[in-house]
Amino acid sequence: MRDMDKFTSLYDLLVLVNKSRKETNDTIIAKAFIENRYDLDILSLEQLSQKCYISQSTLSRFIKKMGYKNYNELKEAMHVAMYAINSHHQIISKEKSIKEIRNDVYNEMIQSIN
């Protein structure tokens, strides 16, 4: 896996949230993944769907749209992204906003390209 690939799942979610002009199911789901990034290991698909008031089937379709086979594969990608980022600079914390995380991830991606 190339360094940049490690950040793709989190970066894609952040881009989706930040480019959206209105609240859609996709942005609600993306925000739920970002906001619950530390709890994904213990959250089932059912629990996540209840947290964001979206059906499990809608979550599954979103996950497939993101290019993952299932929820477990996306959770693993998020785990890898967060580990890679945290191991470099400890830039993701529970206290940071989505905007701050987006900027940090973007800067980390640029550094990994150079």
Closest non-hydrogen atom pair, L59 against I54: N-CG2, 4.2 Å
Nearest heavy-atom neighbours spanning K22 and T27: O-OG1, 3.9 Å
4.5 Å side-chain heavy-atom contact, I28 and F62: no
Where S49 and S55 come nearest, the two heavy atoms and their spacing: CB-C, 4.1 Å
Side-chain heavy-atom pair M66, L13 within 4.5 angstrom cut-off: yes
Between CD1 on residue I29 and CG on residue L48, distance to nearest 0.5 Å: 8.5 Å
S60 side-chain N/O to Q56 backbone N/O, donor-acceptor pair under 3.5 Å: yes
Matching residue for N36 among K51, K31, M78 - test: side-chain contact (heavy atoms from CB on, under 4.5 Å): K51
Side-chain touch Y71/L43, heavy atoms, less than 4.5 angstrom: yes
Rounded distance [0.5 Å steps], CG in L74 versus CG in D12: 10.0 Å
Rounded distance [0.5 Å steps], CG in D26 versus OG1 in T24: 4.5 Å
Side-chain (D39) to main-chain (I42) donor-acceptor, under 3.5 angstrom: no
